[in-house]
Amino acid sequence: MALPFISLAQDWHVGAFVGITNYSGDLVKQKVDLKYTRPALGLLVRRDINRYLSIRGAFTWGIVTGADSTSSDKALLARNLSFKSNVFEGSLIAELNFLDIEEKNFTPYVFLGVGGFGFDPFAKDLSGNKVRLRPLGTEGQGLPEYPGRQPYDLFSFSFPFGAGVKAILNDHWTLGFEIGLRPTLTDYLDDVSTNYVDQNTLLAYRGQKSVDMAYRGDEVSGKLIPGTYPRDGEVRGSAKYKDWYSFSGVTITYRLGGSSGWGRQKAMRCPVFR
């Protein structure tokens with residue numbers, strides 16, 4: 001007559017993420033340019049499978065940005081492109097703990113998962129007006145003269161991975177810190193990928209604004225000599241590698257349910273009648 005009553009609520013955690021976003025793509029020379037670090041915020045739900053494995057669902061917002069104007073590369077300085085975009089990511093991630101966190105009260109961990117994210121790159125023109133870049137087709141996307149170049153999607157997939165450490169503060173609260181990288185399936189997070197297209201063709205189909213935002217080397221000042229719009233087929237970016245972004249920061253989670261055990265099922269037995 002000793003039937004157990006199982007409480008599963010202790011295996012669930014809800015929480016938040018506060019951190020930073022970084023970008024890696026055609027507008028930065030190095031993998032991560034700390035000059036373009038921007039804020040990130042998120043919400044998460046975690047389910048403990050056992051002491052060593054957890055599954056996490058999260059929704060995270062961040063800002064990615066970059067500009068040739070701060071580069072040390074003369075070719076990038078002469079190109080003078082820039083962009084900025086919000087990133088909204090939904091992800092499902094598996095966390096693997098190295099230690100029994102209930103016994104040690106802390107553990108390093110690694111994580112790996114899949115995410116989907118939305119983005120919409122824009123830049124500011126000479127007047128300071130915000131200009132969305134995708135509708136301009138700056139690399140000839142959608143033009144009959146360039147049938148192999150189609151407008152890129154504003155939704156893509158990423159593959160979060162990284163490492164961190166988390167520690168139990170008390171029976172309910174857990175604090176963590178992690179660094180997470182996101183390789184993606186798009187090379188247009190920054191609106192730059194391949195080659196310049198013919199200036200007159202772009203002007204005829206997309207207008208002067210598209211020409212202005214496709215090449216901005218004629219806007220440089222100071223020690224740089226303003227350039228002229230490149231010839232059709234000249235290199236604008238590199239399609240060899242896809243763009244990346246990263247979310248790094250602090251997580252704080254609240255464990256639901258009772259106050260004892262970590263991912264442990266708590267049982268109560270019925271009284272024995274004699």
Side-chain angles (χ1 to χ4, degrees), residues 13-48 52-67 70-71 82-99 101 104-121 155-169 173-190 192 241-255:
H13 311 252
V14 295
F17 168 84
V18 178
I20 58 175
T21 313
N22 289 102
Y23 144 84
S24 178
D26 291 288
L27 271 69
V28 293
K29 186 68 175 176
Q30 58 270 42
K31 286 295 183 182
V32 176
D33 192 336
L34 296 179
K35 291 190 295 291
Y36 294 106
T37 298
R38 295 296 184 270
L41 297 171
L43 299 173
L44 63 96
V45 176
R46 180 187 293 127
R47 170 73 159 90
D48 294 327
Y52 298 97
L53 177 64
S54 300
I55 302 297
R56 178 175 85 196
F59 179 80
T60 311
W61 161 84
I63 298 173
V64 291
T65 185
T70 62
S71 176
S82 64
F83 91 103
K84 190 174 185 179
S85 179
N86 290 291
V87 171
F88 298 93
E89 177 196 85
S91 60
L92 185 64
I93 293 172
E95 298 178 2
L96 180 63
N97 300 326
F98 290 118
L99 304 175
I101 192 170
K104 302 295 186 179
N105 287 326
F106 80 99
T107 182
Y109 65 94
V110 294
F111 64 88
L112 177 67
V114 63
F117 69 97
F119 65 104
D120 193 1
F155 178 86
S156 187
F157 291 95
S158 62
F159 302 93
F161 72 94
V165 61
K166 54 190 172 185
I168 298 175
L169 300 180
W173 293 98
T174 302
L175 184 67
F177 174 78
E178 68 180 37
I179 297 174
L181 305 177
R182 268 80 170 167
T184 77
L185 293 183
T186 182
D187 195 35
Y188 281 106
L189 188 59
D190 47 22
V192 180
Y241 301 106
K242 304 297 185 183
D243 295 332
W244 291 42
Y245 64 94
S246 65
F247 290 140
S248 302
V250 174
T251 60
I252 181 74
T253 58
Y254 180 85
R255 182 165 57 85

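This structure is a prediction, so every number in the text was calculated from the model and none was measured.
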Undergrad: Between Phe88, Phe117, Trp61, which is the residue that forms a ring-ring contact (aromatic ring centres under 6.0 Å, His included) with Tyr245?
TA: Phe117
Undergrad: Quick one: closest heavy-atom pair of Pro160 and Ile93, and the distance?
TA: CB-CD1, 3.9 Å
Undergrad: Within a radius of less than 6.0 Å around NZ of Lys35, do more than 12 heavy atoms belonging to other residues, nucleotides or ligands occur?
TA: yes
Undergrad: Under 3.5 Å, is there a donor-acceptor pair linking the side chains of Ser54 and Asp48?
TA: yes
Undergrad: Distance check, rounded to the nearest 0.5 Å: Lys242 atom NZ versus Phe159 atom CZ?
TA: 11.5 Å
Undergrad: Is there a side-chain contact between Phe161 and Leu181, using heavy atoms and a 4.5 Å cut-off?
TA: yes
Undergrad: Any non-hydrogen side-chain atom of Ile252 less than 4.5 Å from a side-chain atom of Leu169?
TA: yes
Undergrad: Using atom types as modelled and distance alone, determine if a side-chain donor or acceptor of Asp243 lies under 3.5 Å from a backbone N or O of Gly25.
TA: no
Undergrad: Could you walk me through whether Asp26 and Asp187 pass the side chain to side chain contact (heavy atoms under 4.5 Å, CB included) check?
TA: CA-CA 8 Å; Asp26 291 288; Asp187 195 35; 3.5 Å; yes
Undergrad: For residues Val64 and Arg38, determine if any side-chain heavy atom of one lies less than 4.5 Å from a side-chain heavy atom of the other.
TA: no
Undergrad: Please check if any side-chain donor atom of Tyr36 sits under 3.5 Å from a side-chain acceptor atom of Thr70, or the reverse.
TA: yes
Undergrad: Can you confirm whether more than 12 heavy atoms, excluding those of Phe155, are under 6.0 Å from its CZ atom?
TA: yes
Undergrad: Within the structure provided, determine whether Phe177 and Thr251 are in side-chain contact (heavy-atom separation under 4.5 Å).
TA: no
Undergrad: Dump the intermediate steps for side chain to side chain contact (heavy atoms under 4.5 Å, CB included) on Trp244 and Asn22, then the final yes or no.
TA: CA-CA 9 Å; Trp244 291 42; Asn22 289 102; over 6 Å; no
Undergrad: Quick check, are the ring centers of Tyr23 and Phe83 under 6.0 angstrom apart?
TA: yes
Undergrad: Between the main-chain N or O of Val114 and the side-chain N or O of Ser91, is there a donor-acceptor pair closer than 3.5 Å?
TA: no
Undergrad: Can you tell me if Thr107 uses its side chain to pair, donor with acceptor, with the backbone of Leu99 under 3.5 Å?
TA: yes
Undergrad: Evaluate whether atom CZ of Phe157 has more than 12 neighbouring non-hydrogen atoms of other residues, nucleotides or ligands under 6.0 angstrom away.
TA: no
Undergrad: Per the side-chain contact (heavy atoms from CB on, under 4.5 Å) rule, which among Asn86, Thr184, Leu189 passes with Phe119?
TA: Leu189
Undergrad: Apply side chain to side chain contact (heavy atoms under 4.5 Å, CB included) to the pair Lys84 and Ile63, showing each step before the final yes or no.
TA: CA-CA 7 Å; Lys84 190 174 185 179; Ile63 298 173; 3.7 Å; yes
Undergrad: Taking the ring centre of each residue, are Trp173 and Tyr254 less than 6.0 Å apart?
TA: yes
